Amino acid sequence: MVAEAPGSARLLLAPNVVHLAPESAVFTAMKEGWARQQPARFLKASTIEPRLRLINRFEVFTGLYPWQWTPADGEAFIAHLRSGANPIRMSTARTYEVTITLFVEYLLDRRYGWVDTCRERFGQTPQVVFHEANSVVHTLEYEGDPRRRPLTYDEVQALFQQPMPGRPRSADTGERGR
């Protein structure tokens, strides 16, 4: 007998229970299953909890459940967050896209049974939300605030080749004084 994968639909949804709000129950079970699956990859609560909050935020934004999400929903979510008085940075948008993609990949992984569960209960299945054509492209090595970027190799070399203040170079050897 093969054990069920942690986070599988069969472990989280009892087959003989009829929920008053089946959509909400399945979505809650999906998030709980994903949360159970992530520690197997050595992820800590400090990583898992913000990911779950983002998934909740995306669900609230769309007003839809994961088996109803489309690429257009993902695009609208990121566009919304990039507009307004406090737009998110490109690196944050990429992180959000990756997090939503990881959640959807978990749902689409046949080992967990969410595709069959959604098809049986709702007649729809989850689909890829972010793909190559609608994701933020990683084009630059560093995309954060340019005032806080890491030094390049040449800049580090130039920094260490400067004489230290208050320490004269030795005239005989051409090296710094000791």
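Just so it is clear, the model here is predicted, and its values are computed rather than measured. The figures that follow rest on heavy atoms only: side chains count, while hydrogens, waters and symmetry mates do not.
Atom CD of E49 is separated from atom NZ of K44 by 13.0 Å, given to the nearest 0.5 angstrom. Going from atom CG of L107 over to atom CG of L102 covers 11.0 Å, rounded to the nearest 0.5 Å. Rounding to the nearest 0.5 Å places CG of D154 at 9.5 Å from CD of Q161. For the atom pair Y112 OH and E105 CD, the distance stands at 11.5 Å (nearest 0.5 Å). Atom CD in Q162 sits 12.0 Å away from atom CD in Q157 (nearest 0.5 Å).
L52 and L11 are not part of a single hydrophobic cluster, where members link through side-chain heavy atoms under 4.5 Å apart. V136 and I88 fall into different hydrophobic clusters, where Ile, Leu, Val, Met, Phe, Trp and Tyr are joined by side-chain heavy atoms under 4.5 Å apart, directly or via other members. The cluster map of Ile, Leu, Val, Met, Phe, Trp and Tyr, joined by side-chain heavy atoms under 4.5 Å apart, puts M90 and L54 in different clusters.
Side-chain atoms of D73 come within 3.5 Å of backbone N or O of T70 as a donor-acceptor pair. At distances below 3.5 Å, at least one donor-acceptor pair connects side-chain atoms of T101 with backbone N or O atoms of E97.
Applying the ring-ring contact (aromatic ring centres under 6.0 Å, His included) test to residues at least two apart or on different chains, none of the pairs has a partner in residues 38-57. Among residues at least two apart or in separate chains, salt bridge (Lys or Arg N to Asp or Glu O under 4.0 Å) pairs with a member in residues 6-18 are E4-R10.
Taking E75 as the reference, N134 meet the side-chain hydrogen bond (donor to acceptor under 3.5 Å, both in side chains) condition, with sequence neighbours excluded. With sequence neighbours left out, F27 forms a ring-ring contact (aromatic ring centres under 6.0 Å, His included) with Y65. Residues meeting the ring-ring contact (aromatic ring centres under 6.0 Å, His included) test with F122, sequence neighbours left out: W67. Residues passing the side-chain hydrogen bond (donor to acceptor under 3.5 Å, both in side chains) test with T117: none are found, sequence neighbours excluded. Every residue two or more places apart in sequence or in another chain was checked for a salt bridge (charged side-chain N to carboxylate O under 4.0 Å, His left out) with R121, and none qualifies. The side-chain hydrogen bond (donor to acceptor under 3.5 Å, both in side chains) test applied to R57 returns Y96, not counting sequence neighbours. When the side-chain contact (heavy atoms from CB on, under 4.5 Å) test is applied to L151, the partners found at least two apart in sequence or on another chain are E155, V156, L159. D116 meets the salt bridge (charged side-chain N to carboxylate O under 4.0 Å, His left out) test with R110, R119; sequence neighbours excluded.
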*Would you please test Q38 and R51 for side chain to side chain contact (heavy atoms under 4.5 Å, CB included) and show each step?*
CA-CA 10 Å; Q38 292 181 74; R51 286 178 169 185; 2.7 Å; yes
_Derivation of the side chain to side chain contact (heavy atoms under 4.5 Å, CB included) call for V26 and W114_ = CA-CA 9 Å; V26 170; W114 292 111; 4.1 Å; yes
Please table the atom pairs, donor to acceptor, closer than 3.5 Å between any side-chain atom in residues 123-133 and protein atoms at least two apart or in another chain.
residue, atom, partner, partner atom, Å
Q127, NE2, W69, O, 3.2
H131, ND1, A133, N, 3.2

Enumerate, atom names and distances included, each donor-acceptor pair closer than 3.5 Å involving a side-chain atom of residues 28-35, sequence neighbours excluded.
residue, atom, partner, partner atom, Å
T28, OG1, S24, O, 2.9
K31, NZ, N56, OD1, 2.5
E32, OE2, R36, NE, 3.4
E32, OE2, R36, NH2, 2.6

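More than 12 heavy atoms of other shown residues, nucleotides or ligands fall within 6.0 angstrom of atom CZ in R82.
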